[in-house]
Number of protein chains: 2
Amino acid sequence: MIGVEKTGNPVGYEAQRQNLSEGAGDALMFYKNLAEENRLLSLLLLKQEGELCVCEIMEALNQSQPKISRHLAQLRRSGLLVDRRQGQWVLYRLNPDMHTWMQDVLERTLIENPHLLEEPSRRLSDMSTRPIFCSTSA
Amino acid sequence: MIGVEKTGNPVGYEAQRQNLSEGAGDALMFYKNLAEENRLLSLLLLKQEGELCVCEIMEALNQSQPKISRHLAQLRRSGLLVDRRQGQWVLYRLNPDMHTWMQDVLERTLIENPHLLEEPSRRLSDMSTRPIFCSTSA
DNA sequence: TCCTCATATATGTTAAAGTGCATATAACAA
DNA sequence: TTGTTATATGCACTTTAACATATATGAGGA
């Protein structure tokens with residue numbers, strides 16, 4: 001299930017793109033995705049918040065739009081996130097089909113490192129014009 | 001405790017070297033270290049085997065000596081491994097002071113991906129001249 | 001239609017990571 | 001001492017990843 005896109009690309013597309021060996025595929029792919037600060041924080045933030053649009057993640061992490069967009073695209077191609085369009089916004093959330101152990105690793109990381117999302121969470125709640133979407137719950 | 005070397009370098013040396021931001025330090029450093037196949041497999045192998053010398057890890061992962069040596073050195077500088085010299089061999093093992101959550105992440109990764117160490121374990125047990133050291137247990 | 005906002009992506013550039021090869025160091029044995 | 005084995009590291013090179021900037025796409029409103 002990991003690595004399948006709604007575009008119909010096969011499992012392992014991203015792994016192949018990243019020239020990973022067969023065996024270490026999933027786990028290595030997962031950790032490569034966690035090995036960049038914006039991607040790590042995006043995943044943890046989405047774990048905590050459930051669903052966010054690109055502009056909210058941009059604001060929470062205080063980073064440029066193309067930067068965040070490209071990192072989210074990578075996470076989506078890797079099968080860690082799914083997106084849906086809601087009007088002019090694109091909402092991202094964790095792929096519910098993600099391996100349980102990966103979800104647990106994210107959760108543990110979040111619990112053990114509460115400081116990581118301190119500033120992002122504050123910036124998020126400080127957004128004056130925070131959009132409201134349907135079914136924003138986790 | 002993580003990031004302290006026996007050489008006395010301060011916590012965060014590796015993080016600073018890698019130009020990481022303050023906040024995401026430990027967790028990000030950890031995942032950066034897992035994001036390379038030889039380092040990931042070395043950590044998992046040491047988790048499983050307890051203690052191994054460089055030549056055993058080389059053989060298990062079927063990689064060159066300088067390559068393995070460098071990756072192990074990075075893991076040691078990051079505080080994830082400790083080493084001890086036993087005669088002409090240098091033995092590596094997981095740093096017992098590693099954060100519990102990191103140890104748990106490694107363990108879970110190992111349990112959920114048994115195939116990862118299949119070949120390395122086989123190559124290890126196939127070593128004809130496998131050295132025996134004192135206190136090889138985990 | 002035209003305009004605006006939100007998001008995605010193409011392109012060129014820079015920085016970082018990984019690697020092979022050669023060599024250095026360290027322990028041991030003869 | 002010399003030679004051998006095990007490990008570490010300096011250096012040059014290749015590959016990969018991240019980035020800024022500019023532009024494209026797509027939805028909604030006037």
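By convention in this document, chain letters (A, B, ...) are assigned in the order of the sequence lines, proteins followed by strands, and residues within each chain are numbered from 1.
Between Arg39(B) and dA17(C) there is no side-chain polar atom (N or O) within less than 4.0 angstrom of OP1 or OP2.
One atom, CG of Leu28(A), and another, P of dT16(D), lie 14 Å apart when rounded to the nearest Å. One can place CG of Asn33(B) at 11 Å from P of dA17(C), the figure rounded to the nearest angstrom. Regarding Glu37(A), its CD atom lies at a distance of 14 Å from the P atom of dA16(C), rounded to whole Å. Atom pair Asn38(B):CG and dG18(C):P shows a separation of 9 Å (rounding to whole Å applied). His71(B) has its NE2 atom 12 Å from the P atom of dA17(C), to the nearest Å. Taking atom CE on Met29(B) and atom P on dA17(C), their separation rounds to 14 Å, with Å as the unit. Here dA18(D) presents its P atom at 13 Å from CG of Leu40(A), a figure rounded to the nearest Å. At whole-Å resolution of the value, NZ in Lys32(B) and P in dA17(D) are 12 Å apart.
Put simply, the side chain of Leu41(A) reaches to within 4.5 Å of the side chain of Leu116(A), judged on heavy atoms. Asn38(B) has its side chain out of reach of Ile57(B): every pair of non-hydrogen atoms, C-beta onward, lies at least 4.5 Å apart.
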Seminar exercise, completed: With sugar-phosphate taken as primed atoms, P, OP1 and OP2 and all else as base, the protein-contact string of nucleotides 1-12 of chain C at under 4.0 Å (heavy atoms; B, S, -) is ----BSBBB---
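Counting all heavy atoms, side chain and backbone alike, Val82(A) lies closest to Leu94(A) at CG2-O, 4.1 Å. Counting all heavy atoms, side chain and backbone alike, Gln103(A) lies closest to Met98(A) at NE2-O, 2.9 Å. Of all heavy-atom pairs spanning Arg108(A) and Asp104(B), the tightest one is NH1-OD2, 2.7 Å.
For the ring pair (Phe, Tyr, Trp, His ring centres under 6.0 Å) condition, the pairs that include at least one residue of residues 31-84 of chain A, sequence neighbours left out, are Tyr31(A)-Tyr31(B).
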